[in-house]
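Throughout, protein chains are lettered first and strands after them, A, B, ... in sequence-line order, and every chain is numbered starting at 1. Below, each value reflects all heavy atoms present in this structure, side chains not excepted, and no hydrogens, waters or symmetry copies. If you're wondering where the values come from, they're calculated on a predicted model, not measured in any experiment.
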Amino acid sequence: MKYQAPKGVSEYFPPRSSWFEHVIWKLEESALAANYRFIETPIFEDTELFARGVGETTDVVTKEMYTFEDRGGRSITLRPEGTAGVIRSIIENGLDRGQLPVKVFYSGPFFRAERPQAGRYRQFFQFGIEAVGVDDPALDAEVISVAHLAFQKLGLTDYQIQINSLGDKESRNIHREDLLSFIRKANFDQETIDRAEKNPLRIFDDKRGEVQEKIKNAPLLSQFLSSESKIKFEQVKSNLDKLQIPYLVNERLVRGLDYYTGTTFEFVHNRLGAQATICGGGRYDGLMETLGGQALSGIGFGLGIDRTLLAMESEGIELKDRQYVDIYIIPISDTAKNLALEMAVNCRRGGFVADVAFGNRGLKGSMKAADKMATHFVLVLGDDELSSGSGRLKRMSDGEEFSVSLTSLVDELRAIL
RNA sequence: GUGGGCGUAGCUCAGCUGGUAGAGCACCCGGUUGUGGUCCGGGAUGUCGCGGGUUCGACCCCCGUCGCUCACCCCA
């Protein structure tokens, strides 16, 4: 094979591509139902935006970005996540100077230069929403509810929502020192310590058993939360209760991006491999300011479309191919060929899905083709039809035939479909 | 960056302790002249990832290489 797709990218082609479309549509539907508006930002941005926004010490920034120089010598990076670009756009276009909160959703490809594995790709598709400018626990709950509703529309059931509060800056700083000294005393290997020095919270995410054992008694952030943070977190939880959205408080839940503060959450699917987080997000208090905007809080989530599809498949959710053909026209003489496409185009103008048996497969072969592509009606065009000006529409579901006039085919279709 | 597994027809895979390749599905044609789904018959398809070595002989053994895949770190 001469060419193959670059390592670690996912491709969606028929029929699976129609499930992919379906997932995106349900996600959009859920966001629109909550009055989020569509935003489309560039796939590449100034490298500095991500470095500042996502955080200089994060793995994403230090080793996972696709960065290159453009012809003008500027450093450009393919977006590794969605929030930084959206916030940049909100600031640049002054959306935060109108009514608040600004509620937007986005969808598209993202890029990270990592070693691929199940559910993790170098180019992956993410859907996300952001609500900027209002710091209200009810909004935190709403954001979670949007993802939850979407997953329910898709038929997913075997997942859990984990939530935690990372508190405000002050609470975090005190905890950080305490946790760091705990880690320093626990004699870890050098690599683990180095990582912890950058962001000690990450140690909670370490999957190695011996590490988990050692941090069993590590000080948790929840013990350091300011009373204000605690109250907000309680409100988020009681809001979720009222919405009857089940969740699990996971005090060790941390996220790999530096901008998160306050409420954080993850939707974790139970039947996926190591990469089981199908949606993750949280509140970010300092991000707007960091990127040069007003000091406004925001909250949002990123939702993995590839992983969602995998999750649906793991639950055995039946995904039907949505493509169908209303009318399939089979010309069986040379003179009929010219007319066939013309009639098909007319049907399309009339709002129907119409296709033609191109090439020379013969009648039988064309009938088989019609059968395979979920065709409602077939019209055979031969010399008889051309001379009489009428034909028989065959309904594939039961074989019944309807005689129709060729010149008023669209109307006839409307009448029987 | 580190470690494990795997590379045989379009797809999923079989191939016993080494004797130069098979199944199912899919695909195409046919079962008489212009009507599909089932059934029956027939057919095409592989440099057995690539390179080297051992051997009379390698898909099967050894080495290298490339690719895929899963996992670690981390994330959607």
Roughly how far apart, to the nearest Å, are [N] and [M] at atom [atom1]?
N: B/rA9; M: B/rG43; atom1: C1'; answer: 14 Å
N: B/rG41; M: B/rU65; atom1: P; answer: 50 Å
N: B/rG7; M: B/rG46; atom1: C1'; answer: 14 Å
N: B/rU69; M: B/rA23; atom1: C1'; answer: 25 Å
N: B/rU17; M: B/rA26; atom1: P; answer: 32 Å
N: B/rC59; M: B/rC16; atom1: C1'; answer: 14 Å
N: B/rG49; M: B/rC68; atom1: P; answer: 16 Å
N: B/rU55; M: B/rC70; atom1: C1'; answer: 36 Å

Pick base, sugar-phosphate or nothing for [X], based on heavy-atom distances below 4.0 Å to the nucleic acid.
X: A/Y121; result: base
X: A/E385; result: base
X: A/G399; result: base
X: A/I278; result: sugar-phosphate
X: A/A274; result: base
X: A/R392; result: base
X: A/K364; result: base
X: A/G119; result: base

Expressed in angstrom and rounded to an integer, what is the separation of [X] atom [atom1] from [N] atom [atom2]?
X: A/Y260; N: B/rC74; atom1: OH; atom2: C1'; answer: 14 Å
X: A/Q117; N: B/rU2; atom1: CD; atom2: P; answer: 16 Å
X: A/R361; N: B/rC29; atom1: CZ; atom2: P; answer: 5 Å
X: A/L386; N: B/rG34; atom1: CG; atom2: P; answer: 15 Å
X: A/R255; N: B/rA76; atom1: CZ; atom2: C1'; answer: 8 Å
X: A/Y328; N: B/rG37; atom1: OH; atom2: P; answer: 14 Å
X: A/K394; N: B/rG34; atom1: NZ; atom2: P; answer: 14 Å
X: A/I329; N: B/rG34; atom1: CD1; atom2: P; answer: 20 Å

Opposite nucleotide pairing with [N], Watson-Crick or G-U, both atom distances under 3.5 Å:
N: B/rG37; answer: none
N: B/rA76; answer: none
N: B/rU65; answer: B/rG49
N: B/rA23; answer: B/rU12
N: B/rA44; answer: none
N: B/rG3; answer: B/rC70

From the options [options], select the nucleotide whose nearest atom is closest to the side chain of [X].
X: A/A118; options: B/rC70, B/rA76, B/rG36; value: B/rC70
X: A/E64; options: B/rU35, B/rG36, B/rC74; value: B/rC74
X: A/R115; options: B/rG34, B/rC27, B/rG1; value: B/rG1
X: A/K7; options: B/rC68, B/rU35, B/rA76; value: B/rC68

Do the charged groups of [X] and [Y] touch, with an N to O distance under 4.0 Å?
X: A/E315; Y: A/R271; value: no
X: A/K103; Y: A/E142; value: yes
X: A/E313; Y: A/R16; value: yes
X: A/E21; Y: A/R322; value: yes
X: A/R88; Y: A/E45; value: yes
X: A/D411; Y: A/R414; value: yes

Donor-acceptor pair under 3.5 Å, A/K63 side chain vs B/rC73 base: yes
Using only modelled atom types and a 3.5 angstrom limit, is any donor from either the side chain of A/E114 or the base of B/rA76 paired with an acceptor on the other?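 Result: at least one qualifying N/O pair found.
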Looking just at side-chain N and O atoms, do [X] and [Y] make a donor-acceptor pair shorter than 3.5 Å?
X: A/T264; Y: A/N164; value: no
X: A/T290; Y: A/Y259; value: no
X: A/Q323; Y: A/S18; value: no

Between protein and nucleic acid, restricted to nucleotides 5-7 of chain B and to nitrogen or oxygen atoms under 3.5 Å apart, what atom pairs and distances do you find?
none

So, applying side chain to side chain donor-acceptor pair (under 3.5 Å) with A/K232, which one of A/D140, A/T263, A/D135, A/D168 is it? A/D135
A/K372 vs B/rC27: side-chain N/O to OP1/OP2 distance below 4.0 Å: yes
So is A/R395 actually on top of A/F377's ring, under 6.0 Å and inside 45° of the axis? no
5'-most contact on RNA chain B (nearest-nucleotide basis), A/V380 vs A/G280, goes to A/V380
Mark this stacking check for A/F124 against B/rA76 as yes or no, applying ring centres under 5.5 Å and ring planes under 30°. yes
